[in-house]
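Note: hydrogens, waters and symmetry copies are ignored here, and every other heavy atom, side chains too, is used. Convention: sequence-line order gives letters A, B, ...; per-chain numbering from 1.
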Amino acid sequence: DSGVTQTPKHLITATGQRVTLRCSPRSGDLSVYWYQQSLDQGLQFLIQYYNGEERAKGNILERFSAQQFPDLHSELNLSSLELGDSALYFCASSVEGGGDRRETQYFGPGTRLLVL
Amino acid sequence: GEDVEQSLFLSVREGDSSVINCTYTDSSSTYLYWYKQEPGAGLQLLTYIFSNMDMKQDQRLTVLLNKKDKHLSLRIADTQTGDSAIYFCAERAGAGSYQLTFGKGTKLSVIP
């Protein structure tokens, strides 16, 4: 158990819909990262938040957005869903700052999204 | 740009050593990681190595880094059936960059 929690575990929805994925980082971690794992693209970095502020953006679609709240949990919002958005979405967290151990990202169990 | 390459499959007999290889292109990579993903599960951090090291050993795991060739390997000694999983190599670039770039993963099958 990495200490990172994600809900829900599974999500089935229809095209055009909007969903919200939730992530709680490990205690003490200030950074949250979102990754998408699909069969064709592999694991891709989407976005990073650090202490409530967006820190880095990767291959995130404009239909997707994220935020990190004062209690440090994060939500990933996916809207106007398409079939191709079906994937496993991972959240990771890290302390982010100083010392080698702090640079490590710990991953949650993921949310499996199926768009029908 | 950043790119991480791994072979897709590896099959070994139980008790043998497994060697999973990875190459990366970003010469500014400072941190390199190995993650394990079992079927239906998340990513488990196995080990990591920093660019100022060329070897790291952690129980049955040995990581070798050849910075000149941008080559990273993970050796699993005495491979067990429980080691069957997908192994991902990931790199993180230098200061100011925190996201990980992953390879496609190597599926390790252990034959009893």
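Between Gln99(B) and Arg55(A), the closest side-chain pair of non-hydrogen atoms is not below 4.5 Å. Residues Leu45(B) and Tyr106(A) meet the side-chain proximity criterion, which asks for heavy atoms closer than 4.5 Å.
Under the 4.5 Å side-chain heavy-atom criterion for ILVMFWY residues, a single connected hydrophobic cluster contains both Leu108(B) and Val4(B). Using a 4.5 Å cut-off between side-chain heavy atoms of Ile, Leu, Val, Met, Phe, Trp and Tyr, with links allowed through other members, Trp34(A) and Leu43(A) fall into different hydrophobic clusters. Leu64(B) and Leu72(B) are not part of a single hydrophobic cluster, where members link through side-chain heavy atoms under 4.5 Å apart. Cluster membership check: Phe88(B) shares its hydrophobic cluster with Phe50(B), using side-chain heavy-atom separations under 4.5 Å among Ile, Leu, Val, Met, Phe, Trp and Tyr.
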For a quick test of your reading: what N or O donor-acceptor pairs under 3.5 Å do the side chains of residues 10-21 of chain B make, sequence neighbours left out?
| from | atom 1 | to | atom 2 | distance (Å) |
| --- | --- | --- | --- | --- |
| Ser17(B) | OG | Arg75(B) | NH2 | 3.0 |
| Ser18(B) | OG | Thr79(B) | OG1 | 2.7 |
| Asn21(B) | OD1 | His71(B) | NE2 | 3.3 |

Quick one: side chains of residues 7-22 of chain A, donor-acceptor pairs under 3.5 Å with protein atoms, not counting sequence neighbours, listed by atom name and distance.
| from | atom 1 | to | atom 2 | distance (Å) |
| --- | --- | --- | --- | --- |
| Thr20(A) | OG1 | Asn77(A) | OD1 | 2.8 |
| Arg22(A) | NH1 | His73(A) | NE2 | 3.2 |

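Separation of atoms OH (Tyr35(B)) and CD (Gln105(A)) is listed at 5.5 Å; rounding is to 0.5 Å. Between the CD atom in Gln48(A) and the CG atom in Leu100(B) there is a gap of 10.0 Å [rounded to 0.5 Å].
Heavy-atom distances place no part of Ile47(A) under 4.5 Å from chain B, backbone and side chain included. Heavy-atom distances place no part of Gln44(B) under 4.5 Å from chain A, backbone and side chain included. Only the backbone of Gln41(A) comes within less than 4.5 Å of a heavy atom of chain B; no side-chain atom from C-beta onward does. Heavy-atom distances place no part of Tyr50(A) under 4.5 Å from chain B, backbone and side chain included. Only the backbone of Asp40(A) comes within contact range of chain B, with at least one heavy atom under 4.5 Å from a heavy atom of that chain. Residue contact with chain A, scored on non-hydrogen atoms closer than 4.5 Å, involves the backbone and the side chain of Leu43(B) alike.
The environment of Lys107(B) atom NZ is sparse: at most 12 non-hydrogen atoms of other residues, nucleotides or ligands sit within 6.0 angstrom. Counting non-hydrogen atoms of neighbouring residues, nucleotides and ligands closer than 6.0 angstrom, the CG atom of Leu39(A) reaches no more than 12 such neighbours.
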Subject >> Stepwise side-chain contact (heavy atoms from CB on, under 4.5 Å) check, Gln37(B) with Leu88(A) >> reply: CA-CA 12 Å; Gln37(B) 186 178 30; Leu88(A) 193 50; 3.9 Å; yes
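When ring centroids are compared, Phe102(B) and Phe45(A) stay outside the 6.0 Å threshold.
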